[in-house]
Each structure stands twice: as structure tokens, then as C-alpha cells.
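The structure appears right after this line, and notes come after that.
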Number of protein chains: 2
Amino acid sequence: MTEDSDWVERFPGLSRLDLPTKQLLTKRSTIVRVPKNTMVFGPGKSPENMLFLLDGTVRVQQVSETGHQIVLYRIEAGQSCVLTTACLLAYDDYSAEGIAESVVKAAAVPREVFDDLVAGSKPFRDFVFAAFSKRLTDLFLMIDEVAFQRVDVRLADKLIKLSSGADSVSTTHQKLSVELGTAREVISRQLQEFQRRGWIEQARGSVTLKDRQQLQTLANHNA
Amino acid sequence: MTEDSDWVERFPGLSRLDLPTKQLLTKRSTIVRVPKNTMVFGPGKSPENMLFLLDGTVRVQQVSETGHQIVLYRIEAGQSCVLTTACLLAYDDYSAEGIAESVVKAAAVPREVFDDLVAGSKPFRDFVFAAFSKRLTDLFLMIDEVAFQRVDVRLADKLIKLSSGADSVSTTHQKLSVELGTAREVISRQLQEFQRRGWIEQARGSVTLKDRQQLQTLANHNA
DNA sequence: GATGTTTGGTGACATTGTCACTGAACGGTG
DNA sequence: CACCGTTCAGTGACAATGTCACCAAACATC
């Protein structure tokens, strides 16, 4: 692990900044550590600062008025909470919350500093707008998936993504149902079918991928 | 209709700008008119300019790889295409398109001018970020609806919204199905049920609202 | 009137969501 | 270890929605 003081260099989108801007960011930010399963932001918890994630991931999910839950997206290391933060600050009738999925290390930048940077640095503007754009297009894709994609296809895709190349995924049927915005029973049935086909093995609280190729083929069934 | 040259004043979010900024916007923008049913932006059609809508509405919808369609949102007079534009410029694998639903009059602002404004004017930054935030929260709500809300509730809501207070809505079952991202047959069945209850009357290409109160009650069924 | 297109209706069936349960697996505790 | 409460998963019946293959009426055009 490198020094935290040069965190700006580790952001692909921020490396283009000119030196004074980098120094401003470094000087005016503080490194914070957030324990696992902490709510980073959420109803009644508007953060004072914009976070730039150095380590760990933040899961952004929504609790519907009907009590249902769905995972909207994740903020990974190298990305910032800016848009989510800004968004939630502006409209307090939101229902989304951000939860640290692991220990999270982040650089906290005060809002005034953020505003100054947007005003003063074109590369920083580009970074912010690129992040916004990516988030919007991702949400477009997500709407498309939720509305039109079959559950088995989405589940296969999610299993592969969550595995990150590992052999097994530590999760429950309940958690998987929240990932896809469906019901636990649906996940149970689909996983049974996958198991029947020999694509996975199940244990309490974990799914082992036995045939990643077949899962991938199903996940690619876009048409 | 007032003079087009003072369009900035007619934007609630832009009225706070200082005089030089307003003058810059006015001077460096051109008023454009777009015929009904024109594609304002879309695959292979990245606009050169940021549009600020003075009149009319732009419908933003998505064509899925499966051939399904869904309306994402509308840009009304007083709002700007900025985010959609920026978003689609950045990621060309998008599938969203913007279509003028009526004759649209808009102020076109070149990208460089837009960037200068963001850099130089705090009120303008606030306008832009507020627009982004609103869009994101709206998309969050939409995901929630698509994933968890019943079709009858969503249809009742959509009929009321599309009516804009008028007695009837000129649309087809097919178009309504795209609004909700469902199938035409589903719309046909739901409308039949509404008609059976005396809430609406149907004619080819139009739906007449007979009992707005009942529809509203159903639409409010959030839990 | 003949023809083609758009719009809407219908039945059969597949998929997904909901509800009310059941029991197994796990983590305590005495 | 036995006991107990909690979490996790399985099941069947049924409702809601999506898909498919049609059909028929309304409309536009010639």
C-alpha cells in the first residue's frame, strides 16, 4: 500500500490534474476509514463531504415504500460518491442508502473545495461529468434489464459478477433477491434449476460455481 | 409569447445568474426550432450543442436489445438536455434516443460556452447539478416502480399524468405499453378492466377518463 | 369497393410474484 | 449435551404478468 497522501495519483480520472489542483485536493481532504456495514449516507444522514473511494466498495440500494429492496449500483475504489451525495442532498424525499460492503478507506473533500475545483479545473470538471454520465447510462441499462430481462439470465450474470473470478460466492438467497429486485422464492427456484443442471453447488450461505461457461452463455442471452 | 432574446429570464433556474453571465448565454446561443417527431439525439446523432427547452417536450426512450421499448423520462420547457447530451456523448454504446413530441423551440448553447459557464458561474453550476440530481432521483424512483409496482397502479398513474387535466388522452395501447415498458396485451386487459369498472371509456386511439378520482386512488396505492 | 395498415381483442401457456407454511442449519446458553 | 431462538432455504397453491399466435374491426389509400 502506498502513502495515503498521494491518493490523487491513484485515481485514473484525476491524474491529469495540474499540480496546484492536486495539491489543493490533497491538502484540503482528510482520509477517513469506515467500518464494514456502516451506512455511509442515507435517509437522515446527508454527508458533509464528497467521498473519493480509495479502498473497498459502497453498495447503494433502495428501500421501496412497499418494503422491497433493490441494489442500484456499487461505488468501487477509484470512483467517487459525488453524484449520489449531491443527488441525495438536493432531494430529501429519497430512499436510497449507501452501505460500506467492506472496510472502506476514502478521501473526504468538503463541498466548498469540491465547488472550487469544478470551477477552476477543466480536467476535474471532465472527471465529474464523466462519472455522472457513466452513472446515468448504467441506470438506463439497469432499467432495461429490470423491465425486460428474464430472471435466470440476470441471476447467472449476477453470480458471475459477484464471484469476481472466485470459485464461490458467499451470499444468501435473500441477498441475491435484493440484488435483482425479486423475491427470495424466485431465487431459490432458479438456483435449484442451475444446480439440477450441474452449473452450481449450494450450501447454506454460499453458491459454488461449477460451470462458469454455461452460466456465462446464459448471461449473454441478450436477445 | 415574449421575445426569444430574453429566454434566460424564463428559466426558473437561471434567473439568479448575474448580468454578464446572462448576456453571455443570450449572445452565444441560437434559437432553434425542431419539427414534431424529430429525433433530437440518438444512436449516431450526437448533438453539437446543449439544448435549453423553451417550448414543447422531448421524450427520452430506450430501445432494448430484445426489441422492447420503454420511455425513460421527458424533458419539458424550462429544462435542459444537458445531462442526457453529455451522457450520450461520453458513452456511444447507449441505446437511448430523444424525440420531439411536439414542435420544440430551444436555445442551443455550444459546448465550449457551456463549459465556460460551469467554470465561471456558481448559480449556473447549481442549476446543472440540480438538474443532474433531479434526473438521478427520478430514475431511482422509476427503477423502483418498474421492479415493484403493479401494472394497474402504474397505468392509472400514467393515464392521469398524460391527461394533464384534460378529459381524454390521445394514445394507443401500443404507446401506453412503451410508457410502462410492458406488453400491449397487458395494457389492453387492464384498460378493459378499468372500462368495466366505469373509470374510462375507450375509442380507437384514445382513452377518456370518466372517474379520475378512482384512478387517482388506485395510482396512490403505494403500499 | 378493393387493399393494406393500424389498432385492438382473445385464448393458451410460460414466467414471475405472493402467501402461508415447513423444516433444517446455525449460534448461543445453561 | 439439550434447549431455544434466529436465520436460511424448500414447497405448493395461486395471482399477476409476459409471450405467442392468431383474429377482426377501423382506418387510409387508391
Side-chain angles (χ1 to χ4, degrees), chain A residues 37 64-70 143-159 162 168-197 200-208 218-219 221-223, chain B residues 37 64-70 143-159 162 168-197 200-208 218-219 221-223:
Chain A
N37 292 328
S64 139
E65 297 176 350
T66 58
H68 292 109
Q69 292 185 13
I70 186 167
I143 288 173
D144 206 275
E145 273 198 1
V146 171
F148 304 126
Q149 201 71 278
R150 293 172 50 103
V151 169
D152 52 358
V153 174
R154 296 173 59 211
L155 179 56
D157 183 66
K158 187 58 73 175
L159 284 174
L162 287 177
S168 73
V169 182
S170 282
T171 186
T172 65
H173 294 191
Q174 175 63 45
K175 284 177 182 169
L176 285 171
S177 73
V178 173
E179 291 285 341
L180 303 187
T182 181
R184 178 191 58 81
E185 295 92 319
V186 176
I187 298 293
S188 295
R189 287 195 286 244
Q190 296 291 349
L191 287 180
Q192 272 178 58
E193 177 61 19
F194 287 174
Q195 187 171 33
R196 196 191 61 76
R197 297 184 194 169
I200 63 166
E201 294 274 322
Q202 294 193 67
R204 184 188 171 95
S206 88
V207 177
T208 305
L218 177 58
H221 262 297
N222 296 324
Chain B
N37 293 329
S64 143
E65 296 175 352
T66 57
H68 292 107
Q69 286 182 292
I70 186 167
I143 288 173
D144 205 276
E145 273 198 1
V146 171
F148 303 127
Q149 202 70 277
R150 293 171 51 105
V151 169
D152 52 357
V153 174
R154 296 172 60 211
L155 179 56
D157 183 65
K158 187 57 74 176
L159 284 174
L162 287 178
S168 73
V169 182
S170 282
T171 187
T172 66
H173 294 191
Q174 176 61 44
K175 284 178 182 168
L176 284 171
S177 74
V178 172
E179 291 285 342
L180 302 188
T182 181
R184 177 191 59 81
E185 296 93 319
V186 175
I187 298 292
S188 295
R189 283 181 214 142
Q190 296 292 350
L191 288 180
Q192 273 178 58
E193 177 60 19
F194 287 175
Q195 187 170 36
R196 196 191 61 75
R197 296 183 194 171
I200 64 165
E201 294 275 321
Q202 294 193 67
R204 184 186 170 95
S206 88
V207 177
T208 305
L218 177 58
H221 261 297
N222 295 325

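Since we're looking at a predicted model, the values are computed, not measured. Below, all heavy atoms of this structure are taken into account, side chains as well, without hydrogens, waters or symmetry copies. To find a chain, count down the sequence lines: A is the first, B the second, and so on, and within it residues start at 1.
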ask   = Taking 4.0 angstrom as the limit, do A/Arg189 and A/Glu185 come out as a salt bridge?
value = no
Checklist entry - Are any of the side-chain nitrogens in A/Lys175 or A/Glu179 under 4.0 Å away from the carboxylate oxygens of its partner? => result no
Gap between atoms [atom1] and [atom2], on [X] and [N] respectively (whole Å):
X        : N      : atom1 : atom2 : value
B/Ile200 : C/dG8  : CD1   : P     : 11 Å
B/Glu185 : C/dT6  : CD    : C1'   : 15 Å
B/His221 : D/dA16 : NE2   : P     : 13 Å
A/Arg189 : C/dA14 : CZ    : P     : 15 Å
B/Arg196 : C/dT10 : CZ    : P     : 14 Å
B/Gln149 : C/dT18 : CD    : P     : 11 Å
A/Arg150 : D/dC20 : CZ    : P     : 10 Å
B/Gln174 : D/dT19 : CD    : C1'   : 14 Å

* Short side-chain N/O contact to D/dG18 OP1/OP2 from B/His68, under 4.0 Å -> no
Reckon B/Thr182 has a side-chain N or O less than 4.0 Å from the OP1 or OP2 of D/dG18? yes
B/Val186 and B/Leu180: side-chain contact (heavy atoms from CB on, under 4.5 Å), yes or no, with the steps?
CA-CA 10 Å; B/Val186 175; B/Leu180 302 188; over 6 Å; no
Where the side chain of [X] is defined as all heavy atoms beyond and including C-beta, which of [options] is the nearest nucleotide?
X        : options                : result
B/Val186 : D/dC8, D/dT17, D/dA21  : D/dT17
B/Val151 : D/dG10, C/dT16, D/dT17 : D/dT17
A/Gln192 : D/dT7, D/dT11, C/dT16  : D/dT11
A/Arg204 : C/dG8, C/dT18, C/dC26  : C/dC26
B/His173 : C/dG8, C/dT18, D/dT19  : C/dG8

Between B/Glu193 and the options B/Gln195, B/Gln190, B/Arg197, the side-chain hydrogen bond (donor to acceptor under 3.5 Å, both in side chains) test singles out B/Arg197
### Presence of donor-acceptor pair under 3.5 Å, side chain of A/Arg184 and base of D/dT7
no
Closest to the 5' end of DNA chain D, once B/Gln190 and A/Gln202 are matched to their nearest nucleotides, is A/Gln202
Result for 5'-nearest mapping on DNA chain D, choosing between A/Ala147 and A/Ser188, is A/Ser188
Rounded to the nearest 0.5 Å, the NE2 atom of B/His68 sits from the OG atom of B/Ser177 at a distance of 9.0 Å
